[in-house]
Amino acid sequence: MPSIASSALLKHTREQALKMPEIVWADAELDEARGTSSLSSTTGRETRKMNTYQAIRDALSIALSTNDSAIVFGEDVAFGGVFRCTLGLAEEYGRERVFNTPLTEQGVVGFGIGYASMGSKLGNSTLGGRGMGGTAIAEVQFVDYIWPAFDQLLNEASKFRYRSGGQFNVGGLTVRCPTMAVGHGGLYHSQSPEGFFMGAGGLKVVIPRSPLQAKGLLLSSIRDPNPVVFMEPKVLYRSAVEQVPTSDYILPLGRAEILTTGSDLTVVTYGTSVYRCEQAIHLLTHPPEGTGIERTVRDALGDWRRSRKGQNTSSTPTIELIDLRTILPYDLPLVLRSLSKTHRLLIVHEGPTTGGVGMQIAGDVMSGFNTTSTTNESEEDVGRMRREAFLGLEAPVKVIGGWDTPGVALQYEKFYIPDEVRILDGLLEVLAY
Amino acid sequence: MSSLARLRFSRRVARPFIRTIQTTADTTQLQDSAHETEPFWVKIHEDSFQTYNCDKPELDVKMAADALYKAKMIRGFCHLAIGQEAVSVGLEHGITKNDKVITSYRCHPLAVLRGGTIQGVIGELLGRQIGMSRGKGGSMHIFTPSFFGGNGIVGAQVPLGAGIAFAQKYNEEATCTFAMYGDGAANQGQVFEAFNMAKLWDLPCVFVCENNKYGMGTSAERSSSNTQYFTRGDKIPGLQVNGMDIIAVKQGVEYARKWTVEDKKGPLLLEFVTYRYGGHSMSDPGTTYRTREEVQRMRSTQDPIRGLQRYIEEWGLASEQDLKQIDKDAKATVDTAVEEAKASPIPNTQDLWTDIYYAGTEPSFMRGREREEVHHY
């Protein structure tokens with residue numbers, strides 16, 4: 001069974017890394033702007049084996065070196081941060097740009113908003129926009145500590161552009177925070193609060209799944225002229241290792257990615273759960289022989305085959321696995337497109353189920369509320385896709401998330417977090433419905 | 001003339017008497033003869049200032065008559081800060097155009113003084129397109145390039161002020177930020193968080209507590225264990241200023257600016273002891289938690305505009321006739337502005353869905369009020 005370390009979803013070779021879909025090279029963009037010939041996407045580019053914290057450190061280093069107004073601050077960041085994401089940055093870029101803050105999340109985020117709202121003359125000039133100046137990269141040590149800053153994020157950051165009629169903005173603000181569980185964090189080091197941000201129009205929320213993704217998405221978030229909350233799955237800091245391009249590149253926000261294509265069931269997830277879904281899919285296709293799992297899978301797939309009268313009854317189901325990447329605003333059209341092919345949808349995340357991202361997606365699929373489209377589809381396209389997706393549903397949309405308990409208590413953590421067995425159970429339930 | 005503080009303490013006999021700040025509006029004395037075109041000297045009452053770990057500002061002040069005249073112009077259009085005019089006017093005349101100001105929801109006079117227009121403010125209050133935030137912000141959300149707004153959440157603007165000041169220091173600008181809040185907000189945790197960061201990094205930030213004696217309907221004594229707000233910055237020195245005297249305010253602000261910008265001594269806490277005649281907001285009559293007599297007494301004895309008027313008359317800078325004319329002109333200006341604002345249309349419906357994300361980075365469309373209504377970007 002694949003572990004995070006051996007996951008087929010990670011780019012283990014240079015060639016795979018450089019062929020990452022939708023990657024945008026900063027120097028190629030520059031060449032294009034200058035009208036000179038651009039480097040081809042792969043030749044002459046280097047990759048290096050990095051884990052997630054090294055990739056994030058690399059992104060921060062690029063952000064600091066390419067933008068004089070960029071500052072990195074937070075609790076303990078000057079000596080590397082608790083997860084080593086800012087290791088050596090203070091020495092390299094100066095302690096006036098990379099500095100420790102007091103343990104005051106509300107104050108720190110407010111401070112970052114103030115800095116980002118200040119129309120600095122330095123940096124980011126190509127992005128234009130009044131007030132888009134100070135690039136503030138704040139770190140909240142654990143996302144569990146973001147609540148004192150929730151007021152600042154919702155009432156100041158998300159509304160700044162809107163309530164000033166476009167005169168001011170805090171587009172330069174990025175708040176980084178480790179999220180999700182590692183297995184022994186307990187109530188205050190294991191939460192996944194992204195669901196609470198779903199109604200915060202004006203903010204963006206991004207959660208990467210791997211080192212290569214983290215670097216590209218973090219640089220995108222830092223340069224995006226909107227405030228972004230960037231949540232880093234903390235179990236992946238060391239366990240996910242990938243070949244990461246060493247040069248400056250970005251990956252687009254608002255775009256989900258299809259990791260494996262399939263035609264029978266769509267699984268939407270993000271962050272750490274991506275790997276648990278991969279494991280669950282592996283259990284579905286390769287159930288360990290002679291176990292209860294094998295018998296359960298065999299029975300459920302029998303039901304699934306019987307429900308597909310007239311079709312190839314010997315086949316095994318193929319699963320389309322989607323990484324959402326940007327949680328707010330998210331890529332609804334991609335989900336709908338996949339669903340109109342597979343007719344079955346399972347959403348998996350660690351955060352609480354009620355009021356969570358999964359329920360939001362399920363609601364968007366089924367309700368007539370055209371929320372948004374982050375891509376180029378017209379509303380007619382999305383409307384048509386929703387109709388097709390909804391009318392074609394073969395089973396109710398299933399959401400597997402954390403339980404609606406007050407949190408992730410230490411003793412219950414393995415029970416709380418959707419693991420591969422719970423996800424397999426969900427896959428079978430939706431397939432055999 | 002009884003000072004505000006004395007008035008209050010006289011009712012609370014059990015409390016030991018401490019020397020408190022002079023808060024009357026007309027304690028500044030002319031030193032030589034005033035002149036309409038040349039600067040002249042005045043002396044501020046020595047009880048206009050109280051200090052905490054810093055020296056008193058100079059009491060001898062060089063004044064120019066035009067500043068006094070200009071100050072008169074803001075009268076009358078703004079209801080919510082009536083009684084507190086000396087703070088905004090004195091502040092604006094004590095700082096430069098490049099300094100930054102961020103304040104709470106009591107923001108109208110500053111919005112005008114910091115480069116806005118009267119029709120822009122009134123238009124914003126009325127929610128019209130002519131409003132300074134195009135009618136999308138409303139009363140609490142008015143901005144200019146050097147004025148980072150009224151902010152609706154009590155105390156939330158204070159850490160922002162520290163961040164703005166950090167940007168000034170980082171960009172090596174010879175400017176500072178005035179982060180303003182009220183005596184009510186002074187008890188917010190994030191205010192102390194901002195104090196700590198500002199002192200830790202010696203940011204050019206002046207924290208301005210506009211102590212108007214009441215946080216909504218609760219008097220300062222009932223909400224704060226220490227009502228000497230200028231002493232609450234711990235290692236940040238503080239200066240308490242008579243906030244009813246425009247000249248004392250101006251002098252206090254200049255002192256603070258010199259402290260942070262020229263002398264690079266880091267942050268300073270500035271408390272203006274002032275008074276709001278009106279209620280906290282339009283829904284508060286302002287008389288349930290204080291007596292009508294108290295308000296009336298403040299109005300008749302300590303009004304900052306009348307105080308200034310008295311200076312101007314006594315020093316012979318203008319006649320009563322001239323002042324009446326200025327008053328009349330100001331009223332006419334405001335009336336015209338009100339009409340202009342009223343004539344402006346309300347914001348376009350589609351603007352409900354704009355300014356959410358930076359243009360070009362937003363979702364390609366958002367749903368409107370019904371299925372057929374779709375907003376494209």
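- Using a 4.5 Å cut-off between heavy atoms, B:Leu203 contacts chain A through its side chain alone, with no backbone atom that close.
- Here the closest heavy-atom approach between residue B:Leu160 and residue A:Glu156 is recorded as CD2-OE1, 3.8 Å.
- In this structure, chain B has no heavy atom under 4.5 Å from any part of A:Val109.
- Annotation for B:Ala156 and A:Asp151: closest pair CB-OD2, 4.2 Å, computed over non-hydrogen atoms.
- The two residues A:Gly114 and B:Ile164 make their nearest non-hydrogen contact at O-CG1, 3.4 Å.
- Here B:Ile153 contributes atom CD1 and A:Leu154 contributes atom CG; the two are 10.0 Å apart, rounded to the nearest 0.5 Å.
- For the pair A:Phe168 and B:Pro145, the tightest heavy-atom approach, listed with the atom from each and the gap, is CZ-O, 4.1 Å.
- Atom OG1 of A:Thr104 and atom CE of B:Met197 lie 4.5 Å apart (nearest 0.5 Å).
- Using a 4.5 Å cut-off between heavy atoms, A:Ile71 contacts chain B through its side chain alone, with no backbone atom that close.
- In this structure, chain A has heavy atoms under 4.5 Å from both the backbone and the side chain of B:Ala162.
- No side-chain donor-acceptor contact under 3.5 Å links A:Arg163 to the backbone of B:Gly137.
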* To do: Run the numbers on A:Phe99 and B:Phe166 for ring-ring contact (aromatic ring centres under 6.0 Å, His included), then give the verdict.
  => CA-CA 12 Å; A:Phe99 51 92; B:Phe166 181 88; 5.0 Å; yes
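- Taking CZ of A:Arg223 as the reference point, atom OG1 of B:Thr361 lies at 15.5 Å (rounded to 0.5 Å).
- Residues A:Arg161 and B:Tyr357 bring no donor and acceptor atom of their side chains to less than 3.5 Å of each other.
- If you tally non-hydrogen atom pairs under 4.5 Å between each of B:Thr177, B:Asp355, B:Val191 and chain A, the highest count goes to B:Asp355.
- Shown here for B:Pro159 and A:Gly107, the closest heavy-atom pair between the two residues is CB-O, 3.6 Å.
- For a residue to count as touching a neighbouring chain, one of its non-hydrogen atoms must lie under 4.5 Å from one of that chain's; by this rule B:Leu200 touches chain A with the side chain only.
- Among B:Glu193, B:Lys100, B:Lys136, B:His376, the residue with the largest count of heavy-atom pairs under 4.5 Å with chain A is B:Glu193.
- Closest of all the heavy-atom pairs between B:Ala167 and A:Met118 is CB-CG, 3.3 Å.
- Side chain to side chain, B:Gln190 and A:Gln152 meet the donor-acceptor criterion of an N or O pair below 3.5 Å.
- With ring centers used as reference points, B:Trp353 lies 6.0 Å or more from A:Tyr162.
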* To do: Could you give me the CA-CA distance, side-chain angles and deciding distance for B:Phe143 and A:Phe160, then say whether side chain to side chain contact (heavy atoms under 4.5 Å, CB included) is met?
  => CA-CA 11 Å; B:Phe143 304 80; A:Phe160 222 125; 3.6 Å; yes
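- Contact of B:Asn151 with chain A is made through backbone and side chain together, with heavy-atom distances under 4.5 Å.
- Note on ring orientation: taking the six-membered ring where Trp is involved, the planes of B:Trp201 and A:Phe111 are tilted (angle from 30° to 60°).
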* To do: List the steps and the verdict of side chain to side chain contact (heavy atoms under 4.5 Å, CB included) for B:His141 and A:Ser164.
  => CA-CA 6 Å; B:His141 309 286; A:Ser164 67; over 6 Å; no
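- Top candidate by heavy-atom pairs under 4.5 Å with chain B, chosen from A:Glu105, A:Lys159, A:Arg97, is A:Arg97.
- The backbone N or O of B:Tyr358 sits less than 3.5 Å from a side-chain atom of A:Asn226, completing a donor-acceptor pair.
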